[in-house]
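Notes follow the structure.
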Amino acid sequence: MSCEPWQCAEIAATKKANAITKPEVAVAMIKRAARPILVVGSNATERWMEGRQLIDYIIDFAKASKVPVVATAHMVGEFLKRGFEPAGFMSAMDIGNRLVDPTWQGLDGKGHPDLALFVGLPYYMEALILSGLKHFAPDLKTITLDNLYHPHATWSYPNGTLEEWASNLKVMTSKFEGGQ
Amino acid sequence: MSCEPWQCAEIAATKKANAITKPEVAVAMIKRAARPILVVGSNATERWMEGRQLIDYIIDFAKASKVPVVATAHMVGEFLKRGFEPAGFMSAMDIGNRLVDPTWQGLDGKGHPDLALFVGLPYYMEALILSGLKHFAPDLKTITLDNLYHPHATWSYPNGTLEEWASNLKVMTSKFEGGQ
Amino acid sequence: MTTKNVHVKIDEMKTNTGLIKNLELSIGKVVDESWAEPMGPTPMPSLTTLRDWDMKLLNRYKPFYMPDCDLCCLCTYGKCDLTAGKRGACGLDIGAQSSRIVLLACSIGAATHTGHARHVVDHLIEKYGRRHPIDVGGLNVKVEAPVTRLVTGIRPETLGDLEDVLEYCEAQITHCLSAAHTGQEGNNLDFESKAFHAGMIDQVGMEVADIAQISTLNFPKADPEAPLIQMGIGTVDTSKPVIMCIGHNVVPSVGIIDYMKDSGLADKMEVVGLCCTAFDNTRYYDRAKIVGPISWQLRFVRGGFADVVVLDEQCVRTDMFNEAERVKAPVIAASEKNCMGFKDRTNDPADEIVADLVSGKVPGVLILDPDKVGEVAVKVAMQIAPIRKKMRVLPNINEIVELAKTCRQCNLCQRSCPQDLKIPAALKAASEGNIAPLTELYEECIGCGRCEEACPVKLQIHSFIVKAGERFMVEETNLCRAGRGAVQDVEIRNVGSPIVLGEIPGILAVVGCANYPHGGKDVYDICREFALRRYIVVTSGCSAMSAGSYKNEEGKTLYEEFPGSFEAGGVLNVGSCVANSHIAGAAIKVANIFAKRPLRGNYEEIADYIHNRVGAVGLAWGAYSQKAASIAAGFWRLGVPVLVGPHGSKYRRMLLGREDKPEDWEVYDARTGDKVNVGPAPEHLFQTVETPQEAMAAIAKLCIRPNDTWKGRSIKLSHYIDLHKRHYGTMPPDIHLFVRTMADVPMTMKDEITAILEAKGWKETVIPDPTLLPRMIRKKKE
Amino acid sequence: MTTKNVHVKIDEMKTNTGLIKNLELSIGKVVDESWAEPMGPTPMPSLTTLRDWDMKLLNRYKPFYMPDCDLCCLCTYGKCDLTAGKRGACGLDIGAQSSRIVLLACSIGAATHTGHARHVVDHLIEKYGRRHPIDVGGLNVKVEAPVTRLVTGIRPETLGDLEDVLEYCEAQITHCLSAAHTGQEGNNLDFESKAFHAGMIDQVGMEVADIAQISTLNFPKADPEAPLIQMGIGTVDTSKPVIMCIGHNVVPSVGIIDYMKDSGLADKMEVVGLCCTAFDNTRYYDRAKIVGPISWQLRFVRGGFADVVVLDEQCVRTDMFNEAERVKAPVIAASEKNCMGFKDRTNDPADEIVADLVSGKVPGVLILDPDKVGEVAVKVAMQIAPIRKKMRVLPNINEIVELAKTCRQCNLCQRSCPQDLKIPAALKAASEGNIAPLTELYEECIGCGRCEEACPVKLQIHSFIVKAGERFMVEETNLCRAGRGAVQDVEIRNVGSPIVLGEIPGILAVVGCANYPHGGKDVYDICREFALRRYIVVTSGCSAMSAGSYKNEEGKTLYEEFPGSFEAGGVLNVGSCVANSHIAGAAIKVANIFAKRPLRGNYEEIADYIHNRVGAVGLAWGAYSQKAASIAAGFWRLGVPVLVGPHGSKYRRMLLGREDKPEDWEVYDARTGDKVNVGPAPEHLFQTVETPQEAMAAIAKLCIRPNDTWKGRSIKLSHYIDLHKRHYGTMPPDIHLFVRTMADVPMTMKDEITAILEAKGWKETVIPDPTLLPRMIRKKKE
Ligand code: SF4
Ligand code: SF4
Ligand code: SF4
Ligand code: SF4
Ligand code: SF4
Ligand code: SF4
Ligand code: SF4
Ligand code: SF4
């Protein structure tokens, strides 16, 4: 699989995501970011890799990387069930809408995020939100941690298998101090 | 320059031309075609390379390859002035419209072309005609000999300089018997 | 009545009573004095009349744009690349372009309903005369056309009066569409305001269409006990000739039903419908049957049940002629809007057409005379059914197993599927003899057919899924209440007070199409949840079908379990899409009948009232169409929040409030002129919800209104908190924004909430008489 | 007259003469007996009334689609990938989608003109009363509204009558737009037919708009000697306060001009216009000046000439508020369609608004009262001009040289330029001190600004080009004839016979926008070529400006060189875009006045007549807009071929005949009923031409009609052959298709052509009385 949009017609047109060729690339960008944020959607409990749910990988990653998590839809409950407290939760559109507002000071009120990571939203919804951010949050970088190529992100993994996805998430987690 | 549409917004969306990495690739396809045709547009006299006009390169190529030429707009006169008689001439839209008609038997009445080469039409017009052919002439292959990437073609050169263009045309010409 | 100047000059006219010569009569304005209500400030608003009101809403609920594409391709100056803040060749930027797409969608939607209304009204006037009275509920419904009265200032008494209303609508749609021309509007909020305008017009158009047909075709008239209709393929006796009607416009179906009855064939055949035509058929004839929503067109045709397919307008698959031909079912296209390339046979003798269709000489015809449609459809069905095996193109299971082996596992089907369904995996299993995974897709598949189009080996994936789920399909025997039409004035009087005070926690309108993320069960679950909580639940269109497609433990459908009246815990199907106008109408009538706010041409005040006091929320869980966009826009302008399911994100712009910005939530207290912060009530005007769980919490929250009494607020909060805790596993984080005084706090949660309020530094505030309109302040502040 | 049923019921009414009680008056149909012509077969055609006629044309001139994009993104079922024959989620394929885009464009176009007409008529009725008579040319124009009469069967006598016409138009536009809704029409030809319908309605809308303003605003009334108007920036005294009006709707400009005159300021200021408003200003006031076509908005604003910019509707750059702010010129938005986000100050005192604008407190305002627009614009201009330096944002040449050095030669500007202009090369030269290449771009640049948007170092490329070409700009002093309006009946009588017999070789209508491939000179050259050849040359809109923007060797503009009457060798400017209706009107009047074909509600016969007999061709060399699409569609349905310049290919579908298919070119001989092959006359209905040379040969060829007499045909052929030889260097390859008898052959070419005919195996045929309508056959064949 390659850097084609996962859903065939979800083309971006002129400005397309750079491919994340290996997880280290994403890790470097996350480490470079001053105020990253990770948005986790409802597929977190729908996707299974190697017998674990996506949300479990996310929790590992979030704990290791210390990137604050925003849970969309009803996902906060799923995190809480697993003993992980997200930094915040709100509707996917709401977090998108806050990210395009340059005056928004983040979940902690300390400053606008400079990097937004996305994972586990329905593909087309994530695509649209990433497009909204591409067009209306010019200073924000976006990365999708999905295994599906998202042309509207700044950086995206190419389309990949579940195995590749699991591996990418694990490698990323391992590259942070908390992930050892 | 690369395989991006020359005009920034002239994206194709899902089905994009393969890149012709070297002229030999195009030559091989032309040689393989049973009934190729070469459509030449009005930029033939507007583009200059190394002191010669595009039309001069085209005449060399056509003579060498024996691919019959259809001149669009008023280009027939320019060919005739140079002592070359095109196989036919008609409006660019007319040739496009004939090519999408599977019952059209070609300029010579002997059968429908299986490969259409395009060169020298205004970029956006050529793009649109190529799109028409992509969508409505499913059995026809198209190649553009321009130095500009045309996403709607089946095969296209990447965007290139005038020097590269001249060289490509010359190499192509040289690969045919008549071109030695 | 008409508001138009009338000037009649007749040089000579022969009438029954004699010859009139040189009559000249000029009347400046005809005022129908039997309507005592004086004209309000904004009758027949133009494009900008309500712009100030729109801007109030739009400044609170700012658009969040999510372009589908980086380009604009609307004119030959383009295509233009609008990324990175670039403007196109006409000067437009991506924000304005995004809002322009919204305007276009809403204009198309409004045009569709209004065009539908025009066709229905023209036809009914031809049949019943211009002076046929409007009657939507006899003495129970005095306010027969709340939207029309509100918007136009016209009180329609006859079919002819509706023409005046439609003329206004058509002029406004023309203006709205015109503003989308390259080189007109440049500001995104102005585009949005015009989209609101289109939505408001759309509500009028829908109302006109529905009250015209209710008044003439003997539809249920605001009847809470409208008959229960057989729904589902399992209810159809497919051994009889079956006529299947698809679309939205009942006129040709009336021709069919009349002809069938007149020929004494009512017991000998089945007339079934898909999409809104199904509803209106059953409103006309309660033995017509509903097969299913828009998304079931392919499955039912391929299942071979139909002997004749009659297409009218809207929501008809544009490849239906193809699909019907595959099962050798003749097609009758019956709408000018939708000719399908067929030869126009309107003026040919019916029997000639019948012969051509029965013999298969032509696969379909266009017939624009509804009576002839009726005759031809019935005759063709009767003649063809015995000779036509009910031909299916569904493969059998063994074939599926074999065919599945040819699957290349290329993923193109899944990548083309709007639902991202795991088709390759299901085919893999099928190829190994296990069709269970395919069966699982049955409920989630929306029948769009894109998978098949994408498959390089041309596997008929949708047919496989339908076959795998065939058992569910043929066992479908449900009940749906026939569309009741309007809400009675007396019902409004009964619930007005509890609604406005907040004691009925809300009105939930579950409407629109079947582009659901995971099948129709969510719609059922949501409706039932809120009916049990004694919200008023109103349904329409495809959603009303889904709501009736599941049963409780006792085997009862929603429509049997709950009463059909506009009361706490009622579940009402108002009818087809155009009946959506009655939902807006009910909200308007609360303001008018219960609160006695003047209605006529008084849009702003009524919308302000509804926005601040009527806890209504629309949920279009599967909205897909331009019509759904315009319907939503009509609610936006009235200040009613609308939620859409995940696919609704593809409308590409939301209208979102910011509960974290206190300055956005101020209203005037009409009693004092003071500004009062009332919290984010309602928080959004247009929002996508990702999951049914999110939808439930959002609905409860969006029903909160500034005007709630403490009692009402505490009821609403307890539902919100309860649903939030259940689905989110935690207290809502914003509860402090909704507590004005301690009395608002639900008794049972007092301690928990008090702690939160303290932690948040909450301060008590007043409950105002809320308004966004300075002119509504009774005592101007010095 | 009105065709509507009238029913008036008055319970009680107070009038000057007393009290009326219980008056009830019902009139089935008011027929205006003063119009003797009986109603034809198709008054007020619905969506499908003329479908058969359309299909005749569409089967001869089949659509050739060139999608801009592989996707459809019109609803939330999508986006759908439509490549390789795939259908979208609604069942649509790429052919149907492509035609749907055409329908959408034509609907938007028709809505724009009709909305414009509605606004003008509403306004003029308010000002002049509903009974103000229609007068477009006094006694010289008895057929005052040929299109309206033809389409609707209404003969409008007063402004009020126009309302009935518009109501019809608005209803039809609503229907047309509705058909573009997802899930309606599925057949591409049916979409096309509906696009034709929209185009026909558009012609009516345009006619209504123009005859309303001609009748009331003292515009030239079918006047061949309408005044010559100063045109070009060089004609403007920029030392005076300058008000610049941009757009299409004269109403606010009338407010300005009236206020200026009433205040005695006519000599103290300049009112100039861009785009169609320029024309209508000069039709109202012959001292108003024309600055240029749509594409000159940026150059003129950036040039700093304007002190106040007034925007009305259509073809206004949507970033004009930005651009004007850069030169500190206040903006007044004066149209509901185009509010630009400004605050609505309509109800504020004029002087308050003036103060805010002059002080710069606000950059712009929205004023929807044209009289107030007038007062504010004039006062602001007078007050601001002395204090506001005519601020330019054009850099000087030295600055350009310096800035050009920062160019990265990244090519993004060129790749974004619709003209593919070699900007990087020009900047390279400029950076070395040579601005000649930049100057060369001046004529070719269409002022879209996309280059600047794309430039990563934010070079103001367009400004550089304008500065480099400034000399040309400020020296522009040309003349344009004010729009004359309709063609007189007597003019038609004089030329009817030579046109129909072919002795006047053709009517060339050069119309539309300024999206030219290489500047406006081509338009001038083409017009002059055909005027010299004694074709009738008609111009309108931006093209009429370009036609007047160049001079012959004697320093005369086209409008001075050629007469302004509808005669061989005349060059007529009919006026603004809405005046295009007079061109269709002239063709219709040939059929009606000269050939005495009945007009009223008789569309098919008249179109058939025009198609087969009136050698008219439209050329929209720079068409860019949805309006241009609908204007073209209006001509298509009348059977008149339309050519567009290269950018017109971006309309994405052509209507092309196939001269190589003899079976496509049969007509009936109305005398005998025989089918006669008349050759490809005209060959195409909609075609893109790539170069001006191609345009000239194509125009000559497309003027050929089946009905030409031998004399007419030989004249037409000699022009065709002559132009073809000149520009193509060879004989036309299809000459044998146009020779029916040897008499058709131009004398001077007899030998050459005889040889060709022999080589081609040509056979003599008859000259029929041509028609495509079987019902026009006078003697049915046995
Ligand atoms: S409408 Fe404007 S942005 Fe869109 S293609 Fe045309 S010029 Fe470009
Ligand atoms: S038909 Fe069903 S499975 Fe196929 S693409 Fe559509 S939703 Fe997916
Ligand atoms: S598209 Fe066809 S071949 Fe490819 S995975 Fe799907 S079913 Fe298999
Ligand atoms: S609810 Fe939606 S899909 Fe269903 S009939 Fe109405 S518009 Fe069509
Ligand atoms: S807007 Fe839609 S049709 Fe236009 S280029 Fe983008 S995806 Fe294609
Ligand atoms: S209109 Fe049809 S083809 Fe277009 S996006 Fe919607 S479903 Fe797809
Ligand atoms: S402004 Fe002129 S140079 Fe710039 S992109 Fe447009 S046409 Fe080209
Ligand atoms: S876009 Fe700007 S930097 Fe790039 S070549 Fe053009 S002018 Fe130079």
Side-chain angles (χ1 to χ4, degrees), chain C residues 5-6 8 11 33 46-48 68-69 73 75-77 79 86-87 89-92 108 111-112 114-115 118 130 167 170-171 173-175 177-187 189-190 313-319 336-341 448 450 453 515 624-626 647 650-651, chain D residues 5-6 8 11-12 33 46-48 68-69 73 75-77 79 86-87 89-92 108 111-112 114-115 118 130 167 170-171 173-175 177-187 189-190 313-319 336-341 448 450 453 624-626 647 650-651:
Chain C
N5 291 10
V6 173
V8 182
D11 286 344
E33 292 301 327
S46 77
L47 271 187
T48 54
D68 230 3
C69 171
C73 58
C75 85
T76 82
Y77 257 157
K79 303 182 269 190
K86 289 196 277 291
R87 289 177 180 274
C90 63
L92 209 68
I108 294 175
T112 304
T114 303
R118 172 61 81 176
R130 192 163 267 113
E167 277 162 17
E170 289 156 345
I173 288 168
T174 301
H175 286 311
L177 179 62
S178 146
H181 191 279
T182 302
Q184 306 239 35
E185 197 50 80
N187 180 272
L189 294 184
D190 271 311
E313 56 173 309
Q314 303 168 51
C315 301
V316 178
R317 283 192 67 89
T318 52
D319 56 356
E336 287 199 315
K337 309 277 166 63
N338 191 2
C339 302
M340 294 270 166
C448 72
R450 285 213 308 227
E453 299 290 325
N515 194 14
Y624 91 97
S625 68
Q626 293 89 1
H647 287 294
K650 287 181 254 175
Y651 285 114
Chain D
N5 293 9
V6 173
V8 183
D11 286 345
E12 194 171 315
E33 292 301 327
S46 77
L47 270 187
T48 54
D68 229 4
C69 171
C73 59
C75 86
T76 82
Y77 256 157
K79 298 181 273 191
K86 290 196 276 291
R87 288 176 181 274
C90 64
L92 208 68
I108 295 175
T112 304
T114 303
R118 173 60 82 176
R130 191 163 268 111
E167 277 162 17
E170 289 156 346
I173 288 168
T174 302
H175 285 312
L177 179 62
S178 144
H181 191 279
T182 302
Q184 306 238 34
E185 198 49 81
N187 181 273
L189 294 184
D190 271 311
E313 55 172 308
Q314 302 168 52
C315 301
V316 178
R317 284 193 67 88
T318 53
D319 57 355
E336 286 199 317
K337 309 276 166 64
N338 191 3
C339 302
M340 294 269 165
C448 73
R450 283 213 310 227
E453 298 291 326
Y624 91 97
S625 68
Q626 295 89 5
H647 287 295
K650 287 181 252 174
Y651 285 115

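Order of the sequence lines fixes the chain letters, A, B, ..., with proteins taken first and strands second; residue numbering starts at 1 for each chain. Atoms considered below: every heavy atom in the structure, side chains included; atoms not considered: hydrogens, waters and symmetry mates.
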Look at D:Asn187, D:Asn338, D:Thr114 and state which one has the largest set of heavy-atom pairs under 4.5 Å with chain C.
-> D:Asn338
Can you tell which of D:Ala171, D:Ala89, D:Ala179 has the highest number of heavy-atom pairs within less than 4.5 Å of chain C?
-> D:Ala89
Between the side chains of D:Glu336 and C:Ser46, is a donor N or O closer than 3.5 angstrom to an acceptor N or O?
-> yes
For chain C, which of D:Arg317, D:Glu313, D:Gln626, D:Lys86 has the most heavy-atom pairs under 4.5 Å?
-> D:Gln626
C:Glu453 to D:Arg87 - nearest heavy-atom pair and separation = OE1-N, 2.8 Å
Picking from C:Cys75, C:Ala180, C:Gly115, C:Ala111, which has the most non-hydrogen pairs under 4.5 angstrom with chain D?
-> C:Ala111
Heavy-atom pair count under 4.5 Å with chain C, highest-scoring of D:His181, D:Lys650, D:His647 | D:His181
Taking only residues two or more places apart in sequence or in another chain, which ones pass side chain to side chain contact (heavy atoms under 4.5 Å, CB included) with D:Cys90?
-> C:Thr318, D:Leu92, D:Thr182
Would you call D:Asp68 and C:Lys79 a side-chain contact if the rule is heavy atoms closer than 4.5 Å?
-> yes
Under 4.5 Å from any heavy atom of chain D - which part of C:Ile173 | side chain
Supply the atom-to-atom distance D:Glu170 CD to C:Leu177 CG, rounded to the nearest 0.5 angstrom.
-> 12.0 Å
Among C:Leu189, C:Thr76, C:Asp319, who wins on heavy-atom pairs under 4.5 Å with chain D?
-> C:Thr76
Under 4.5 Å, counting heavy-atom pairs only, tell me which of D:Cys339, D:Cys448, D:Cys69 racks up the most with chain C.
-> D:Cys339
Please report the shortest heavy-atom distance between C:Tyr651 and C:Tyr624, naming the atom on each side.
-> OH-C, 3.2 Å
Tell me, out of C:Gly341, C:Cys73, C:Gly183, who's got the most heavy-atom pairs with chain D below 4.5 Å.
-> C:Gly183
Results of side chain to side chain donor-acceptor pair (under 3.5 Å) for D:His175 - residues two or more places apart only = C:Lys337
Per-residue tally against chain C (heavy atom, under 4.5 Å) across D:Cys315, D:Ser178, D:Gly186, D:Ser625 peaks at D:Ser178
Atom group of C:Asp190 that falls short of 4.5 Å from chain D, counting heavy atoms = side chain
Check: D:Glu185 side chain, C:Met340 main-chain N or O, donor-acceptor pair, under 3.5 Å = yes
